[in-house]
Asks: 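Sharing a structure, written as structure tokens. Questions coming.
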Amino acid sequence: RGRIYRVVPDGFRRRPTPKLGAATTAELVKLLEHPNSWHRETAARLLFTRQDKSAIEPLRQLAAESKSPPWRMHALQALAGLAHDLGQAGLHIHVDVFALRLTDDDAGVRRQAVRLCESVVRRAPNSPLLAKLQAAVNDADRGVVYQSAVTLGEIPAASTGADPVAAALAQ
């Protein structure tokens, strides 16, 4: 009917569509480093849906050691989704990994870590993350500073000592 839907070379064969629903948890964690965003996002969604706690340690390792900032961010987000329902144990998972990512070389990863710290500090105001979160106010990247202000603004002032932080932000 006069429409060209797909132009392909002669002998072209489509790649088979991956069946990620049948992938193991370890395979899904590895897919968070896939160059194709569909694979990463689908793997992250499946990890969250399954809530398989065996993924926590591989995700911690990926968040700490991956060479690519977007892959570290995917691992952080997936870890936050898994650790949220673990209560006090989940808080410890967050403290270790997020504290490390608050000093990441990439500003996007630092910004993501600040955002994810909010739920931890809300549930555990005496967490060691609070001091690191307050220190993020002095970050070189304005996006991290802005996210720190927003995050600290969501935490009760009595637990954050927000007045000094607000004064630092006002400068």
Side-chain angles (χ1 to χ4, degrees), residues 5-6 8 12-125 127-130 132-133 136 139 141-155:
Y5 289 104
R6 183 166 299 160
V8 296
F12 175 78
R13 290 183 162 271
R14 277 185 84 158
R15 282 187 237 161
T17 305
K19 307 283 187 228
L20 297 187
T24 66
T25 299
E27 291 170 336
L28 291 175
V29 171
K30 285 184 180 182
L31 281 171
L32 293 177
E33 291 187 295
H34 198 280
N36 184 316
S37 67
W38 180 88
H39 289 79
R40 291 192 308 268
E41 292 166 8
T42 303
R45 179 182 51 80
L46 289 170
L47 284 167
F48 179 77
T49 302
R50 290 180 185 179
Q51 289 294 306
D52 184 356
K53 304 310 178 205
S54 68
I56 290 174
E57 198 50 45
L59 285 170
R60 287 171 54 101
Q61 190 173 12
L62 182 63
E65 298 172 4
S66 180
K67 291 177 176 50
S68 172
W71 298 342
R72 290 194 301 271
M73 285 192 279
H74 270 289
L76 282 175
Q77 191 67 45
L79 190 59
L82 285 177
H84 185 71
D85 295 333
L86 291 179
Q88 213 52 29
L91 293 178
H92 293 301
I93 290 167
H94 284 18
V95 169
D96 294 349
V97 175
F98 291 172
L100 178 63
R101 293 303 99 200
L102 285 170
T103 58
D104 195 273
D105 292 337
D106 184 73
V109 175
R110 293 194 308 270
R111 194 168 40 250
Q112 178 84 339
V114 167
R115 189 179 68 74
L116 294 173
C117 283
E118 181 180 323
S119 65
V120 176
V121 177
R122 269 187 173 177
R123 294 187 311 178
S127 168
L129 274 180
L130 181 58
K132 293 190 179 287
L133 195 54
D139 196 272
D141 182 76
R142 299 311 269 163
V144 175
V145 172
Y146 179 76
Q147 184 61 56
S148 300
V150 171
T151 298
L152 288 168
E154 291 296 320
I155 300 167

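Source: prediction; values computed, not measured.
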Asks: Measure across L32 and A78 and return the closest heavy-atom pair with its distance rounded to 0.1 Å.
Replies: CD1-CB, 4.3 Å

Asks: Which value, rounded to the nearest 0.5 Å, describes the distance between L28 atom CG and F48 atom CZ?
Replies: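 The CG atom of L28 sits 14.5 Å away from the CZ atom of F48.
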
Asks: What are the two closest non-hydrogen atoms of A55 and L82, and how far apart are they?
Replies: CB-CD1, 3.7 Å

Asks: Assess whether salt bridge (Lys or Arg N to Asp or Glu O under 4.0 Å) is satisfied between E27 and K30, documenting all intermediate values.
Replies: CA-CA 5 Å; E27 291 170 336; K30 285 184 180 182; over 6 Å; no

Asks: Y146 vs V114, test: side chain to side chain contact (heavy atoms under 4.5 Å, CB included). Steps then yes/no.
Replies: CA-CA 10 Å; Y146 179 76; V114 167; over 6 Å; no

Asks: Can you name the nearest heavy-atom pair linking A23 to R50, along with the distance?
Replies: O-NH1, 2.7 Å

Asks: Between Q77 and R72, does any side-chain donor sit less than 3.5 Å from a side-chain acceptor?
Replies: no

Asks: Does a donor on one side chain and an acceptor on the other come within less than 3.5 Å for E33 and S66?
Replies: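 Indeed, the side chains of E33 and S66 share at least one donor-acceptor pair under 3.5 Å.
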
Asks: Using the rule given for side chain to side chain contact (heavy atoms under 4.5 Å, CB included), can you reason through V109 versus Q112, listing the C-alpha separation, both sets of side-chain angles and the distance that settles it, and then say yes or no?
Replies: CA-CA 5 Å; V109 175; Q112 178 84 339; 5.6 Å; no

Asks: Do side-chain atoms of R101 reach the backbone of L76 as a donor and acceptor pair under 3.5 angstrom?
Replies: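 Absent.
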
Asks: Among L116, D106, V145, V144, find the residue that satisfies the side chain to side chain contact (heavy atoms under 4.5 Å, CB included) test when tested with R111.
Replies: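 Option passing the side chain to side chain contact (heavy atoms under 4.5 Å, CB included) with R111: V144.
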
Asks: Is the shortest heavy-atom distance from the side chain of H34 to the side chain of W71 under 4.5 Å?
Replies: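 Heavy-atom side-chain distance check fails, nothing below 4.5 Å.
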
Asks: Ignoring hydrogens, what is the shortest heavy-atom contact between H74 and A44? Give both atom names and the distance.
Replies: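 Closest heavy-atom pair between H74 and A44: ND1-CB, 4.5 Å.
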
Asks: Would you compute the distance between atom CZ of R115 and atom CD of Q147 and round it to the nearest 0.5 angstrom?
Replies: 7.0 Å

Asks: Pair L47, D52 - check side chain to side chain contact (heavy atoms under 4.5 Å, CB included), show working.
Replies: CA-CA 7 Å; L47 284 167; D52 184 356; 5.9 Å; no

Asks: Pick one: which of D141, D104, D139 meets salt bridge (Lys or Arg N to Asp or Glu O under 4.0 Å) with R110?
Replies: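 Answer after filtering D141, D104, D139: D139.
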
Asks: Would L62 and L79 satisfy side chain to side chain contact (heavy atoms under 4.5 Å, CB included), going step by step from the backbone distance to the final call?
Replies: CA-CA 10 Å; L62 182 63; L79 190 59; over 6 Å; no

Asks: Are more than 12 heavy atoms, taken from residues, nucleotides or ligands other than N36, located less than 6.0 Å from that residue's CG atom?
Replies: yes

Asks: Counting only N and O atoms by type, is there a donor-acceptor contact under 3.5 Å from the side chain of T42 to the main-chain atoms of H39?
Replies: no

Asks: Of all the heavy-atom pairs spanning L129 and A99, show the shortest one and how long it is.
Replies: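 So the minimum-distance heavy-atom pair works out to CD2-N, 3.7 Å.
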
Asks: Looking only at non-hydrogen atoms, find the nearest pair between C117 and L102 and report the distance.
Replies: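 For C117 and L102, the tightest heavy-atom pair comes out as SG-CD1, 4.0 Å.
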
